[in-house]
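Both counts, for ligands and for their atoms, begin at 1 and track the order of listing.
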Amino acid sequence: MRGAKRLTILTGAGVSAASGVPTFRGPQGLWRTYRPEDLATPDAFARDPHLVWEWYAWRRDQIAACQPNAAHEVIAQWSRGFERCRVLTQNVDDLHVRAGTDGLIRLHGSIWELACWGDCGAAPWRDEAVPLRAFPPSCPQCGGLARPAVVWFGESLAQSDLDAAFDACACEVFLTVGTSAVVYPAAGRVHHARRHGAFTAEINLDPTPASSAVDVALHGAAETILSDIARRLTP
Ligand code: NAD
Ligand code: ZN
């Protein structure tokens, strides 16, 4: 990292765990008796928008009370310190935004943004109200039902974000941090970076499918390991 000019970091829910935001794959991932995979889908929303909005309202409440942790802070410092740094995040909590991260690509959108479910042509809008002003919230343009502007299971990522993530793989160091590395296409980026000749490292509490593909897998908490690395990089 000392000699590197281009750094790319892919982050997942584990980066926000120390802030108190539950990950999906873990004992705290359940809400009532539902699995996220059964709620974060267009079908679930079409079937029962109230139920899905209740879950999102609960998550917005939780996240509103959370602050960026040392992992977000270190990543934000690096985002400004390298000649080119890209941070590809799967997180929708915007804690990277609040930590002041440059070059951030939010692959899965933001829980603080809403969009029209009816596709009336309204551009997604920001809504940070906790609790929500209206339940369920509606579109300011057509008055129809609004949805969270996040990428659900079974939906495609924005082409501009995919292109940016693709370009970011041309780098010298690629770090994958706090992600179970099972959700494609984000998970494929580490292989792509490797083919570009990047030095690749994983930082995660547990081994993942990416562990065997990286140059070094560091198992531990992101907030501790990233802080250690930052300290060692300081001249
Ligand atoms: P995931 O829940 O599948 O995996 C989280 C990973 O982080 C696990 O491998 C776990 O071992 C690891 N982890 C937990 N605590 C950690 C810590 N302190 N340090 C390092 N690693 C730690 O999450 P994912 O891979 O991001 O993918 C699931 C999807 O869930 C994504 O699409 C994302 O949008 C969504 N999600 C987002 C948030 C958020 O915005 N904070 C929270 C939950 C889920
Ligand atoms: Zn609308």
Side-chain angles (χ1 to χ4, degrees), residues 9-31 35-37 39-41 55-56 58-60 62-64 66-72 74-75 88-99 104-125 137-155 157 161 175-190 201-211 217-228:
I9 309 172
L10 170 69
T11 71
V15 163
S16 295
S19 295
V21 185
T23 60
F24 275 1
R25 291 171 187 82
Q28 296 180 327
L30 281 184
W31 173 73
R35 296 182 310 141
E37 293 87 338
L39 291 165
T41 74
W55 180 55
Y56 275 97
W58 173 76
R59 291 180 62 202
R60 285 165 61 104
Q62 276 188 323
I63 294 169
C66 297
Q67 304 300 326
N69 67 61
H72 299 105
V74 167
I75 291 169
L88 316 174
T89 191
Q90 300 170 89
N91 295 346
V92 297
D93 55 34
D94 277 0
L95 291 179
H96 282 305
V97 177
R98 285 174 49 197
L104 179 67
I105 300 154
R106 296 176 305 172
L107 296 167
H108 294 169
S110 167
I111 201 163
W112 302 113
E113 289 169 20
L114 273 55
C116 180
W117 169 245
D119 256 341
C120 72
W125 63 96
S138 53
C139 169
Q141 185 164 297
C142 71
L145 187 61
R147 60 164 283 175
V150 300
V151 179
W152 280 330
F153 293 105
E155 292 186 314
L157 280 62
D161 289 341
L175 307 178
T176 167
V177 189
T179 168
S180 54
V182 293
V183 182
Y184 275 81
R189 293 302 102 214
V190 65
E202 170 182 69
I203 299 165
N204 207 67
L205 271 189
D206 310 305
T208 75
S211 304
L218 303 168
H219 295 137
E223 59 280 11
T224 312
I225 293 179
L226 288 175
S227 303
D228 280 353

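With the Zn ion (ligand 2) as the vertex, SG (Cys139) and SG (Cys120) define an angle of 110°, rounded to 10°.
For Ser227 against Ala70, the heavy-atom pair with the smallest separation is OG-CB, 3.6 Å. In this structure, Asp93 and Ser16 approach most closely via the heavy-atom pair OD2-OG, 2.6 Å. Taking each heavy atom of Thr179 and Asn204 in turn, the nearest pair found is N-OD1, 3.1 Å.
Counting heavy atoms from C-beta outward, Val97 and Trp112 have side chains that stay 4.5 Å or more apart. Looking only at side-chain heavy atoms (C-beta outward), Cys120 and Cys139 come within less than 4.5 Å of each other. By the 4.5 Å heavy-atom criterion applied to side chains, Gln141 and Cys116 are not counted as neighbours. Counting heavy atoms from C-beta outward, Leu226 and Ile75 have side chains that approach closer than 4.5 Å. Residues Leu114 and Pro137 form a side-chain contact, since some pair of their non-hydrogen atoms from C-beta on lies under 4.5 Å apart. Side chains of Thr89 and Arg106 form a contact here, defined as non-hydrogen atoms less than 4.5 Å apart. Looking at heavy atoms from C-beta onward, Leu107 lies in side-chain contact with Leu10 at the 4.5 angstrom threshold.
Protein heavy atom closest to atom 13 (N) of ligand 1, with residue, atom name and distance, is Gly14 CA, 3.6 Å. Counting protein heavy atoms only, atom 42 (C) of ligand 1 is closest to Pro22 O, 3.4 Å. Nearest protein neighbour of atom 18 (N) of ligand 1, counting heavy atoms only, is Glu223 OE1, 3.2 Å. Scanning the protein for heavy atoms near atom 11 (O) of ligand 1, the closest one is Asp206 OD2, 2.7 Å. Protein heavy atom in closest approach to atom 25 (O) of ligand 1: Thr179 OG1, 2.8 Å. Looking from atom 3 (O) of ligand 1 to the surrounding protein, the closest heavy atom is Arg25 NH1, 2.4 Å. Nearest protein neighbour of atom 33 (C) of ligand 1, counting heavy atoms only, is Gln90 O, 3.0 Å.
Atoms of ligand 1 found under 4.0 Å from any heavy atom of Ser16, numbered from 1 in the order shown, are 41 (N). Which parts of ligand 1 touch Val92 is read off a 4.0 Å heavy-atom cut-off, strictly below it: atoms 39 (C), 40 (O). Applying the 4.0 Å criterion to heavy atoms of Val21 picks out, from ligand 1, the atoms 41 (N). With ligand atoms numbered from 1 in the order given, ligand 1 contributes 39 (C), 40 (O), 41 (N) to contacts under 4.0 Å with heavy atoms of Asp93. Listed by atom number, the atoms of ligand 1 under 4.0 Å from His108 heavy atoms are 31 (C), 32 (O), 33 (C), 34 (O). Of all atoms in ligand 1, listed by their number and element, those nearer than 4.0 Å to a heavy atom of Ala222 are 17 (C), 19 (N), 20 (C). Taking every non-hydrogen atom of Gly178 and a distance limit under 4.0 Å, the qualifying atoms of ligand 1 come out as 5 (C), 6 (C), 7 (O), 21 (N). The Gly12 neighbourhood of ligand 1 comprises atoms 26 (O), with distances under 4.0 Å to a heavy atom of that residue.
The shortest heavy-atom distance from Gly220 to ligand 1 is under 4.0 Å.
Taking any N or O of Arg59, backbone or side chain, none lies under 3.5 Å from an N or O belonging to ligand 1.
Which of Trp152, Phe153, Phe24 comes nearest to atom 43 (C) of ligand 1 through a heavy atom is settled by distance: it is Phe24. Atom 4 (O) of ligand 1 has its nearest heavy-atom neighbour, among Ser180, Cys66, Ala40, in Ser180. Heavy-atom proximity to atom 10 (C) of ligand 1, evaluated over Asn204, Thr23, Ile225, Thr208, is greatest for Asn204.
Contacts of Leu205 with ligand 1, taken as heavy-atom pairs under 4.0 Å, involve both backbone and side chain. The proximity of Ala13 to ligand 1, defined as any non-hydrogen pair under 4.0 Å, involves the side chain as well as the backbone.
Arg59 forms no cation-pi arrangement with Trp31, by the criterion of a distance under 6.0 Å to the ring centre and an angle within 45° of the ring axis.
Note: His72 and His96 have perpendicular aromatic rings, judged against thresholds of 30 and 60 degrees for the angle between ring planes.
Checking side-chain atoms of Asn91 against main-chain N and O of Gly12 turns up a donor-acceptor pair under 3.5 Å. With hydrogens and angles ignored, the 3.5 Å screen pairs a side-chain donor or acceptor of Asn69 with a backbone N or O of Ala71.
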